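In this text the structure is predicted, and so the values were computed from the model without any measurement. Just so we're on the same page: letters track the sequence lines, and every chain starts at 1.
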Number of protein chains: 2
Amino acid sequence: MHMQKSWWQKKFKKAGLRLTGPRLVIIDILSQTNNHLSAEEIYLTLRRENKSNNIGLTTIYRTLDVLVRLGIVYKFDFGDGRTRYELSEGPNGFHHHHHLVCTGCGHIVDYTDFIDEEKELLDRTEKGLAKKYNFSIHHHLIQFYGLCEHCR
Amino acid sequence: MHMQKSWWQKKFKKAGLRLTGPRLVIIDILSQTNNHLSAEEIYLTLRRENKSNNIGLTTIYRTLDVLVRLGIVYKFDFGDGRTRYELSEGPNGFHHHHHLVCTGCGHIVDYTDFIDEEKELLDRTEKGLAKKYNFSIHHHLIQFYGLCEHCR
DNA sequence: GTTGTATTGATAACCATTATCATTAATGAG
DNA sequence: CTCATTAATGATAATGGTTATCAATACAAC
Ligand SMILES: [Mn+2]
Ligand SMILES: [Mn+2]
Ligand SMILES: [Zn+2]
Ligand SMILES: [Zn+2]
């Protein structure tokens with residue numbers, strides 16, 4: 001009974017990193033939610049669901065760092081004082097989106113509206129900036145801030 | 001000999017806040033640079049230039065908080081572990097721009113290229129999102145990340 | 001000038017994230 | 001499968017940017 005290798009397992013192989021219990025469990029937690037979890041939230045979820053005896057908070061931070069380096073996870077600052085993480089890709093491939101952030105309650109909306117137009121403009125902007133300022137650009141960040149209907 | 005009121009003095013008045021020495025000095029520091037200063041950098045600049053006997057770091061944080069609330073200063077996280085601040089407006093009015101961040105050395109470029117096109121798309125996006133998700137949107141954030149020629 | 005109150009600064013506390021280091025376990029060779 | 005190598009882990013302490021406290025100070029309205 002061999003499990004098919006998921007998209008992220010290959011990345012570990014290629015980087016020469018070990019597929020450990022904690023790493024599998026943390027990716028599992030992230031793939032089970034649409035939320036943008038903080039390290040502590042992952043930690044608490046693990047304890048609550050008894051997913052693994054006791055993974056240290058330190059390991060969560062280290063693992064997230066690895067996942068970000070491998071491009072498996074994206075890292076965000078939404079201004080609430082803690083870094084938040086989200087899987088970069090689901091089983092159905094990338095889900096390119098940007099964020100709408102409520103500065104009242106911290107609620108976050110993943111939106112894909114206008115993404116195609118944005119992408120076109122961003123590509124053009126990226127090329128222009130790269131040339132003019134001699135940068136090699138790797139990624140971008142777009143966020144809208146406001147108040148949700150509840151916090152209005 | 002009456003000094004003309006600057007754009008930000010009115011905001012203090014309207015908000016019923018006092019125009020104190022420390023506040024004036026901190027705004028002065030920010031208006032004297034194109035850099036995106038952290039609280040500690042402002043603190044050190046003050047001591048170095050002897051702008052005022054001894055303004056406490058606490059006061060810097062509190063003042064920056066006030067300035068952000070009044071819209072006199074913008075607050076940014078460029079991923080280097082400290083919050084950075086920038087005057088929202090110069091003597092010649094707003095200078096709308098976005099940021100290009102070097103993840104190697106932290107160097108930041110203010111760019112205005114493509115701003116008009118971005119603005120058009122952003123306005124449209126903003127309206128669309130506001131309606132669809134029932135948000136009142138106040139501001140947005142656009143940043144490009146990469147490596148400058150030095151860090152390549 | 002007097003007065004009421006917002007503001008300040010020294011200090012301690014907070015809290016998310018990192019560094020340390022001895023212990024454990026994933027992996028590849030045999 | 002067994003073993004040896006060494007990356008990874010977890011308990012703990014430390015770090016560092018930011019906040020809370022509170023008595024002392026200084027705006028600004030009269
Ligand atoms: Mn998201
Ligand atoms: Mn800027
Ligand atoms: Zn809200
Ligand atoms: Zn650089």
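- Within the nucleic acid shown, B:Gly16 has no heavy atom closer than 4.0 Å to any nucleic acid atom.
- The aromatic rings of B:His99 and B:His97 lie perpendicular to each other, with more than 60° between the two planes, well past the 30° mark.
- Checked by atom type, the side-chain pair A:Glu89/A:His95 shows no donor-acceptor distance below 3.5 Å.
- The distance from atom CG of B:Leu57 to atom P of C:dG9 is 11 Å, rounded to the nearest whole Å.
- For the residue pair B:Tyr43/B:Glu41, the side-chain donor-acceptor check at 3.5 Å is not satisfied.
- Within the 4.0 Å cut-off from OP1 or OP2 of C:dT8, not a single side-chain nitrogen or oxygen of B:Asn54 is found.
- Classified by interplanar angle (parallel below 30°, tilted 30° to 60°, perpendicular above 60°), the ring pair B:His36/B:Phe78 is perpendicular.
- Regarding A:Leu64, its CG atom lies at a distance of 11 Å from the P atom of D:dT9, rounded to whole Å.
- Between B:His96 and B:His140, the two ring planes are perpendicular [angle over 60°; tilted spans 30° to 60°].
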Subject >> Annotated protein contacts, base or backbone, on nucleotides 21-28 of chain C with a non-hydrogen cut-off under 4.0 Å, one of B, S, - each >> reply: -----BSS
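- Computed from coordinates, the B:Phe12 CZ to D:dA28 C1' distance equals 15 Å when rounded to whole Å.
- OP1 or OP2 of C:dT17 sits under 4.0 Å from a side-chain N or O of A:Tyr61.
- When heavy atoms are screened at a 4.0 angstrom cut-off, A:Thr83 is found touching the sugar-phosphate backbone but no base atom.
- When only modelled atom types and interatomic distance are considered, B:Arg152 and A:Asn134 share a side-chain donor-acceptor pair under 3.5 Å.
- Nearest-nucleotide mapping onto DNA chain C: of B:Gly56 and A:Asp65, the residue sitting toward the 5' end is B:Gly56.
- The distance between atom CD1 of B:Ile55 and atom P of D:dT25, rounded to the nearest whole Å, is 17 Å.
- Distance, B:Ile42 CD1 to C:dG9 P: 14 Å, rounded to whole Å.
- Here D:dG16 presents its C1' atom at 9 Å from CD of B:Glu40, a figure rounded to the nearest Å.
- In this structure, the OH atom of B:Tyr85 is 13 Å from the P atom of D:dG17, given to the nearest Å.
- Nearest nucleotide to the side chain of A:Thr58, out of C:dT8, D:dT18, D:dA11: D:dA11.
- A side-chain N or O of B:Asp113 and one of A:Tyr133 form a donor-acceptor pair less than 3.5 Å apart.
- Atom C1' of nucleotide D:dA11 and atom CD1 of A:Ile60 are separated by 14 Å, given to the nearest angstrom.
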